[in-house]
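See below for the structure under consideration.
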Amino acid sequence: MITKIKNGKLITPGGICGCSLYFSDAAISAVTGDELPFDREIDAKSKYVSPGFIDLHSHGAAGEDYLSADPDGIRSEEHTSELQSLRTI
């Protein structure tokens with residue numbers, strides 16, 4: 001399924017553009033002002049669109065929370081995060 005995001009302020013490495021962003025299966029397929037085929041459309045209504053950002057924010061994992069300050073819990077969480085390829089402290 002191809003999704004089109006239109007009418008947004010698209011943040012790109014070259015600056016902000018008013019073009020549309022097309023993506024499919026969580027991968028960007030096009031950033032263009034041209035009309036391409038799509039299955040679903042999202043109107044960003046002049047909001048900022050920042051494709052490609054990865055949220056590395058985490059409070060813990062595996063039922064453990066960093067705020068508990070429990071060394072064993074933090075080690076358990078770190079092991080789980082390594083398995084998920086997520087490391088944030």
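In what follows, residues are counted from 1 in the order of the sequence shown. Worth saying up front: this structure is predicted, and the values here are computed from it rather than measured.
Under the 4.5 Å side-chain heavy-atom criterion for Ile, Leu, Val, Met, Phe, Trp and Tyr, I2 and I42 are members of distinct hydrophobic clusters.
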Distance-only donor-acceptor hits, side chain of residues 30-37, under 3.5 Å, sequence neighbours excluded:
unit_1 : atom_1 : unit_2 : atom_2 : d
T32    : OG1    : D34    : N      : 2.9
E35    : OE1    : K4     : NZ     : 2.8
E35    : OE2    : K4     : NZ     : 3.2

Can I get a per-line list of side-chain donor-acceptor pairs under 3.5 Å for residues 9-20, giving both atom names and the distance, sequence neighbours left out?
unit_1 : atom_1 : unit_2 : atom_2 : d
T12    : OG1    : G14    : N      : 3.2
T12    : OG1    : G15    : N      : 3.3
T12    : OG1    : G15    : O      : 2.7

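The line from CZ of R40 to CE of M1 is 6.5 Å long, rounded to the nearest 0.5 Å.
When all heavy atoms of S29 and S24 are compared, the closest pair comes out as OG-N, 4.5 Å.
Shown here are the side-chain contact (heavy atoms from CB on, under 4.5 Å) partners of D25, two or more places apart in sequence or in another chain: there are none. Among residues two or more places apart in sequence or in another chain, the side-chain contact (heavy atoms from CB on, under 4.5 Å) test is passed with N7 by D43. Under the rule for a side-chain contact (heavy atoms from CB on, under 4.5 Å), the partners of F23 that lie at least two apart in sequence or sit in another chain are T3, I5, L21.
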